[in-house]
Amino acid sequence: MPDTLPELSPSELRRFGRHLVMPEFGQAAQRRLKAGSVLLVGCGGLGSPTALYLAAAGVGRIGLVDPDRVEETNLQRQIAHGHSTLGRPKTESAAARMRDLNPDVTIERHDVYLTEENALALIGGYDVVIDGTDNFPTRYLVNDACVRLGKPNVFGGVLRFDGQLSVFDARQGPCYRCLFPAPPPVELAPNCAEAGVLGVLPGVIGTLQATEAIKLLTGIGTPMIGRMLIYDGLTLGFDSITLAKDPNCPCCSLPREEIVLRTERMVCAAAPPGGTITAAELEALLAAGAAPLLCDVRNPAEWAGGVIPGARLRPKPDLDSLLQAGGSLPGPFAGRDPVVVYCQAGLRSAAVIRALVAAGHDPALLIDLEGGFAAWRGPRAEPDAALAAPLSASG
Ligand SMILES: [Zn+2]
């Protein structure tokens, strides 16, 4: 077979000297990296170290998918960005840092949500996909598109102090749906904004994702196909478990051409006792000039990152304290008007509504915004979530 890999330039021979000196790596692996391409879905906590290390390592072409802009709350962990790029698109911010590390890398920016309409075209253009997503709907889209296209999917998930990593390649092993056929109920899937994440954690897992991508592109080592790494940051424990392919998997047991991409909806297992409203219904109400009472029960940092117009901030911990003390409720709950309650993803708002009803509040006056602010801002736009058993966040 003729060698069609690109040659290394004199500057690349200097730059990658520490790679080339390793006999297991050498020029052959470096040239495969140069010929290779990786799509990073998410330029957040996981995407930051991944983007930087893959650019530094000499991957020839790197695509970045992220519709978000850099916010101050990102900088605790999203180290591809900085104060100088606050408010700029994350793909622009990350690309600038990557080019500074390695001006030879080709960077393709995709400032969009990954959707069922664009996933196949986007993912189809790259050799390896890195899942650095922050929400389950996108995670399932990445999985299903990779299975359909026969692409390896380097998965990472982080939440609080815990991390997970695997390589899903349905041609040789299980896919994400073999483990988790459908998204967990919202209550079991807190994201990083709700549950928190140690800032360095996505650095650990993202760096390992970059390692796996390099192994896949170069063919060195043994990728984590059919295994999952479980990382406990508090004990500094690394465990790995074997993953089996599910012969009845709703995705990878199908013939590839029969896999249809669809956006999963996150639902509550225990619906709150009051009514619910969707983001689209709320938007239509507001557009029609209605002014329903809106209560945001997130924390002030989340509030600072964007709100639904007209909402009042009543953080859940404050409401919990008031209810526990048996004190009278503040507006907007003091009157007899219906209140739309929302949090980031629907977990805390449902809990607040349950607590209010338990305290004697009329359930008919409490309306939960399905999917919370994330659904309002865009169905796939959560600022900070990812996996687990099921961990949810990637931050
Ligand atoms: Zn599967």
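Both ligands and their constituent atoms are indexed starting at 1 by order of listing.
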> Taking Asp127 for the side chain and Ser37 for the main chain, is one N or O donor matched with an acceptor at less than 3.5 Å?
Replying inline: yes

>> Short of 2.8 Å from the Zn ion (ligand 1), name each protein N/O/S atom, waters not counted.
In response: Cys175 SG, Cys178 SG, Cys249 SG, Cys252 SG

> Aromatic rings Tyr176 and Phe168: how do their planes relate, parallel, tilted or perpendicular, breaks at 30° and 60°?
Replying inline: perpendicular

>> Would you say Glu370 and Thr278 are linked by a side-chain donor-acceptor pair, where the criterion is simply a distance under 3.5 Å?
In response: no

>> Test your reading of the model: is there a side-chain donor-acceptor pair from His19 to the backbone of Ala29, 3.5 Å cut-off?
In response: no

> What pairs with Lys215 under salt bridge (Lys or Arg N to Asp or Glu O under 4.0 Å), at least two apart in sequence or on another chain?
Replying inline: Glu212

> Would a 4.5 Å heavy-atom cut-off, applied to side chains only, mark Phe155 and Val142 as touching?
Replying inline: no

